[in-house]
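Keep in mind that the numbers below use all heavy atoms, side chains included, and drop hydrogens, waters and symmetry copies. Letters A, B, ... mirror the listed sequences (proteins, then strands); counts begin at 1.
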There are 2 protein chains.
Amino acid sequence: MHSTSDQYFLSREKLSNNLQQIIDTERYYTQFLLDEIILPVAEDIWSNFTLDPLKLLPFWRNYPPEQRGRGPIGTSVPWLELGEKTISSNIIKALGSKRDNITFPGLPTGGDIRFADKQVYIHLDVKLTGPNDNANEVVVPPNQVSGDGINWNDGVLNSTWPVRRVKSGEINYHFQPKLPPIYILDDNTLICLTYFFDAIYDVTGFGNHPIKYFELVCVPNGLLMFDGPKLANTPNLIIAGKDDKTTPDDAKRIRIRLEPLSKINNWRATKIKKTENGWIALHRNDNPELFSS
Amino acid sequence: MHSTSDQYFLSREKLSNNLQQIIDTERYYTQFLLDEIILPVAEDIWSNFTLDPLKLLPFWRNYPPEQRGRGPIGTSVPWLELGEKTISSNIIKALGSKRDNITFPGLPTGGDIRFADKQVYIHLDVKLTGPNDNANEVVVPPNQVSGDGINWNDGVLNSTWPVRRVKSGEINYHFQPKLPPIYILDDNTLICLTYFFDAIYDVTGFGNHPIKYFELVCVPNGLLMFDGPKLANTPNLIIAGKDDKTTPDDAKRIRIRLEPLSKINNWRATKIKKTENGWIALHRNDNPELFSS
DNA sequence: ATCGCCTAATAGGCGAT
DNA sequence: ATCGCCTAATAGGCGAT
């Protein structure tokens, strides 16, 4: 008879001593997501995202969502909800049809798309990036990244991580990852994997938001990021997020920069792009000039 | 050569003269959703919603979402996101596997789950109702209900509808439906159907939020509700929503009461409940005493 | 390039009457 | 039973420097 905390620390210890297993798992599921899920549905997503809202324009143009934020210039319509729905619906549909062992165990917070098999619990968050924003980073809240899970108090506790100002090197605030590095469910140890699916789009007119490309990002598990090799120390990988000063530190986001990330492992940032010959996936550092824009 | 507006008004006119076709379509898709989608996945949703978060409790209990609103009493954890994810993932997966002609045309606003075939565009919004809230109504924002689509100004325009105070009969505010009664996509006329999938749950401890039952609600299309028969006039069907006075009228929600609704057609409100013999679906007025609580 | 200012839309728990 | 008070979490557009 052993408690959940015993089981947890046993599993955590085993993985800590075999970090390559985590990396291999992250790489395997990245490939799975690319080959079996994203590339097969990319054309549908593209069409649902780029073409359909234009065809349907007269049926929503008088009641569009309002622009928000500090200095709206009025040209773009908030495309977040459209992007989230078209992308996650197509991905979930594909997940269901490609694998019969995918389940959706409930958690009160996490990424937009959450699913598990017997090896992993995956959080995949959908991000949208318009022409005025930076496509070389993802802005990540505490609930979408796993921590070191170093302590236990009726449950997993993560260390915080100091986010420094690039210029001065001063600590700006302490980031609090809120996902555990692993889950234990029905006696299976599930590695927590965190992905981001970014849709980079242009705005060429009212309701006309063509996709430029997608990017799949795999952020290292907490045991790699904030423990052991402490990849979070990679220069320029993590910088301050978009929150203002009134946001409590433990709710503040971080920016994860994709160039440093893709240098840790080139498969951690993969662009998915439409070509004359169909959709292709290219790791950032395999062919940088193709995406020089 | 005809414009979209010509096509729109032609289709609208045809349906206005054959309202039974709308009702039949609503009824058909209600049955489809119940028999082919919801009943087959009800057990999975129940398990993802009720059991898994308890099994996973140590992996989120130190970082739960905060309670919100006016007078939080602290017992319940916000269960909305968990409910939305577990329910919509399972439903989308089932939709993909049961029908091969389902697509997800992008719209910038609408229900949580949006999909289309060649006959209908369906908005299905997931609602959560805890023990301190009223399970006999759904609170519906303008983006989740269709209007009469009576006018055109580069696109469909809907009339507003006066919401009266029950006691005084005075007009409280004017509700602005924002979905069109029909869409035209690739020359197909798609009737806009609006559904609500309500999960009614109990709170029996921290993280313990067992499902009591689900309810599928079909709100009549705008041509039935706000035009022609003007079902919105049904006594006590529509009352004020939950917004405060600072909310602009055209963003205010309404409450749609389920007893009056189910008297319009008994299949418009259907409870889905777990029994010893599996999951059953029962229209509200078929067997009221079974759900006397 | 860094970093944070700033707000629309969402939702339902729960109180007041 | 009616109805509205009230706030956490989400997200990215865009400005300031």
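Looking at every heavy atom in both residues, A:Tyr173 comes nearest to A:Ala240 through OH-CA, 3.7 Å.
Rounded to the nearest 0.5 angstrom, B:Asn236 CG and B:Arg255 CZ are separated by 13.5 Å.
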(request) Dot-bracket notation for DNA chain D is requested: 5' to 3', Watson-Crick or G-U wobble pairs only, both distances under 3.5 Å, with ( ), [ ], | and . as defined. (result) ||||||||.||||||||

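Screening residues 231-244 of chain B for salt bridge (charged side-chain N to carboxylate O under 4.0 Å, His left out), with sequence neighbours left out, gives B:Asp133-B:Lys242, B:Asp243-B:Arg253.
The ring-ring contact (aromatic ring centres under 6.0 Å, His included) test applied to B:Phe175 returns no partner, not counting sequence neighbours. Scanning for ring-ring contact (aromatic ring centres under 6.0 Å, His included) contacts around A:Phe104 gives an empty result, with sequence neighbours left out. Residues satisfying the ring-ring contact (aromatic ring centres under 6.0 Å, His included) test with A:Phe226, not counting sequence neighbours, are A:Trp161. Partners of A:Arg61 under the side chain to side chain donor-acceptor pair (under 3.5 Å) rule, at least two apart in sequence or in another chain, do not exist in this structure. Judged as a ring-ring contact (aromatic ring centres under 6.0 Å, His included), and not counting sequence neighbours, the contacts of B:Phe214 are B:Phe197, B:Trp279. Scored by the salt bridge (charged side-chain N to carboxylate O under 4.0 Å, His left out) test, A:Lys230 finds no partners at all (sequence neighbours excluded).
For DNA chain C, the neighbouring residues in residues 237-257 of chain B, judged by any heavy atom under 4.0 Å, are B:Lys242, B:Arg253.
Of the candidates D:dA11, C:dG12, C:dA11, the closest approach to any side-chain atom of A:Gln144 belongs to D:dA11. Proximity note for B:Asn132 (side chain, C-beta onward) versus C:dT2, C:dC14, C:dG4: the nearest is C:dC14.
Atom NZ in B:Lys85 sits roughly 14 Å away from atom C1' in C:dA11 (whole-Å rounding). For B:Glu137 and C:dC14, the CD to P distance is 15 Å, given to the nearest whole Å. B:Asn134 has its CG atom 12 Å from the P atom of D:dC3, to the nearest Å. Here the P atom of nucleotide D:dG12 and the CZ atom of A:Phe196 are 11 Å apart, to the nearest Å. For B:Lys167 and D:dA1, the NZ to C1' distance is 9 Å, given to the nearest whole Å. Note: CD (A:Glu84) to P (D:dA9) measures 17 Å, nearest angstrom. As a whole-Å value, the separation of A:Lys178 NZ from D:dA8 P is 12 Å. Atom CG of B:Asp133 and atom C1' of D:dA1 are 13 Å apart (whole Å).
A residue-by-residue look at A:Arg164 and A:Pro64 shows that A:Arg164 has its nearest nucleotide of DNA chain C further toward the 5' end.
Phosphate proximity of D:dG13 to A:Tyr201: present, with a side-chain N or O under 4.0 Å from OP1 or OP2. Between A:Asn172 and C:dG4, a side-chain N or O to OP1/OP2 separation shorter than 4.0 Å is present. One finds no side-chain N or O of A:Asn236 lying less than 4.0 angstrom from the OP1 or OP2 phosphate oxygen of C:dA1.
A side-chain donor from one of A:Thr109 and A:Asn143 sits under 3.5 Å from a side-chain acceptor of the other.
At the heavy-atom level, B:Asp198 lies nowhere under 4.0 Å from the strands shown. The residue B:Asp125 sits close only to the backbone: its heavy atoms come under 4.0 Å of sugar-phosphate atoms, none of a base. Across all strands shown, B:Thr109 has no heavy atoms under 4.0 Å from either base or sugar-phosphate atoms. Looking at heavy-atom distances under 4.0 Å, B:Asp112 makes contact with sugar-phosphate atoms alone, never a base.
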